[in-house]
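Take a look at the structure set out below.
Not measured: the values here are computed from a predicted model. Just so you know, ligand 1 is whichever comes first in the structure, and atom 1 is the first atom listed for that ligand. Excluded from the calculations below are hydrogen atoms, water molecules and symmetry mates; all remaining heavy atoms, backbone and side chain alike, are included.
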Amino acid sequence: MKILASAILFVVCSLSVFAQVKAPTESVLDRFLRYVKIDTQSAEDAGKVPSTEKQLVLAKLLEKELKDLGVQNVRVSEFGIVYGMVPGDLPDNSKVPTIGFIAHMDTSPAVSGANVNAIIHKNYRGGDIVLPNDKTQVITVEKNPDLKNLIGDDIITADGTTLLGSDDKSGIAEIMTMIDVLRNNPQIKHGNIAIAFTPDEEVGGGIDKFDIEGWGAKFAYTVDGEQLGDISNETWSARTATVTFHGRNTHPGTAKGIMINSMYAAGAFLDAFKQAVPNRPETTEGREGFLHPYVANMSEETSTIKILLRNFDINGLAGQEETVKKVVTDIQKRYADVKIDYESKLGYLNMKEVLKDYPQLTDYAIEAAKRAGVTPEIRPIRGGTDGSNLTARRLPTPNLFTGGHNFHGRLEFNSRKGLEKSTETLVNLVQIWAEKSR
Ligand SMILES: [Zn+2]
């Protein structure tokens, strides 16, 4: 890639620049190891934010640590969101937009995050990594090609019985260490920096309570991506459709000529849907969108099928809706006595729709990565982030890498270099914003 030549150039100068930087009071790895010990697993359908009280344990620790680092306006909101502001050190901070950094405190409900026993595999020599407390859990080179870039690095994993919590305690540790580095290095000039740590990213909902105005950032970054260099300014757009089949129920013993069983129409719908829709989760990757029936509730009287519509092209969603409606029309003809309703709801829009008007957010992140000697790669996200919600609410927020891998599972890992280079990228990024805006 053409990025490579300039990346090499930047390695040379970045080493000399970062070599002059005074180390943080505490290393990013030590911070990370402290945060992953705290169980912050969120829960689906809790009906409140935060969904679990234990997330507040980390929120309160971060509140204290931010205050100890001299961060101003530190507070934990009633929803467990931690906010703070690192004041700029320029003669006139108002010339540089306030840049926000966000990481989430919760870990996925999919796998336990209690009693995480982080293991440091020092000086990795290559090959598969067997996790010691469940030997069926193996991080293989075949499934993790990035491992070959980590030879000589210290790799951090869980012990095979839990997730690690790199998603997103890596992001938290990196943001905290960035603040620490800036505090120890007054020669690094930057504008105001807004900090936020959110609960319930994994289950949705936390970000709905985010106080954009009170926080004060003009632009922001979520620090919640995966391998070194991955920068995302694009997610797909999302709608959810619900198809409802209305039949008529009665006692089956006396149902002759009366009962209309909606389940047959629903079953026929699924069968026809599969014929009509080649793009499904199991057949797509990269920038390909899909249609995906993901839950059905069936009974004689009423059956419902919910369908995810996902498309990187915002106009593509309309075409996908037409596809679903056409299947509905066909089935309605075949099952005239079952009334079929269709409705759909917008989830979120591809953040690119907004971010295309602010190319500097991505450009500066690319330059920040290069200055840290990391090769940037723009990768669209097949999902939503806290940033998709914020971007839709007019706070443009792309996503930055953390060095992590295999999120939401027991094979999750990061590395010392992953944590350090991600931190260095954040320090570079605030400097670049100051350089370019003055
Ligand atoms: Zn995450």
Side-chain angles (χ1 to χ4, degrees), residues 28 31-32 35-36 38-44 49-52 54-55 58-59 62 79-82 100-113 116 118 146 156-158 162-178 195-210 220-236 238 347-348 351 365 379-392 395 397-415 418-419 422-423 425-426:
V28 62
R31 282 185 196 282
F32 176 71
Y35 301 151
V36 297
I38 302 168
D39 178 12
T40 55
Q41 189 179 40
S42 51
E44 301 276 5
V49 178
S51 62
T52 52
K54 55 192 177 184
Q55 294 180 67
L58 180 56
L62 293 170
F79 303 110
I81 302 173
V82 185
F101 290 94
I102 302 167
H104 65 89
M105 296 181 287
D106 64 317
T107 60
S108 167
V111 179
S112 172
V116 169
D146 196 40
I156 308 131
T157 69
T162 65
L163 50 64
L164 175 62
S166 174
D167 175 17
D168 185 24
K169 285 158 184 166
S170 292
I172 296 175
E174 288 155 9
I175 292 170
M176 293 299 282
T177 310
M178 168 191 73
I195 304 294
F197 301 121
T198 56
D200 287 350
E201 191 270 351
E202 301 291 2
V203 295
I207 203 68
D208 293 340
K209 311 294 185 191
F210 198 91
Y221 296 91
T222 48
V223 186
D224 188 21
E226 301 202 28
Q227 76 186 49
L228 276 183
D230 281 6
I231 297 168
S232 299
N233 58 6
E234 190 171 4
T235 59
W236 51 29
Y348 49 85
M351 58 165 90
R379 197 184 296 274
I381 304 175
R382 290 173 68 80
T385 64
D386 272 355
S388 12
N389 177 301
L390 296 173
T391 303
L395 176 62
T397 309
N399 190 37
L400 303 178
F401 53 88
T402 61
H405 298 74
N406 297 340
F407 288 1
H408 303 183
R410 291 192 275 172
L411 302 180
E412 198 183 11
F413 68 96
N414 202 333
S415 71
L419 292 164
S422 301
T423 305
T425 299
L426 299 183

Task: Shell of protein N/O/S atoms around the Zn ion (ligand 1), taken as anything under 2.8 Å - done: His104 NE2, Asp167 OD1, Asp224 OD1, Asp224 OD2
TODO: Can you see which heavy atom on Asp168 is nearest to which on Asp224, and at what distance?
DONE: CG-OD1, 3.3 Å
Open item on the list: Can a side-chain donor-acceptor contact be found between Asn399 and Thr385 if the only test is distance below 3.5 angstrom?
Closed with: no
TODO: Apply ring-ring contact (aromatic ring centres under 6.0 Å, His included) to His104 and list each qualifying residue two or more places apart in sequence or on a separate chain.
DONE: none
Task: Shortest non-hydrogen separation from Ser51 to Ala43 and the atoms involved - done: OG-N, 2.9 Å
Task: Residues which pass ring-ring contact (aromatic ring centres under 6.0 Å, His included) with Tyr221, listed by chain and number, not counting sequence neighbours - done: Phe101
TODO: Tell me, please, which residues at least two apart from Ser415 pass side chain to side chain donor-acceptor pair (under 3.5 Å).
DONE: Asp153
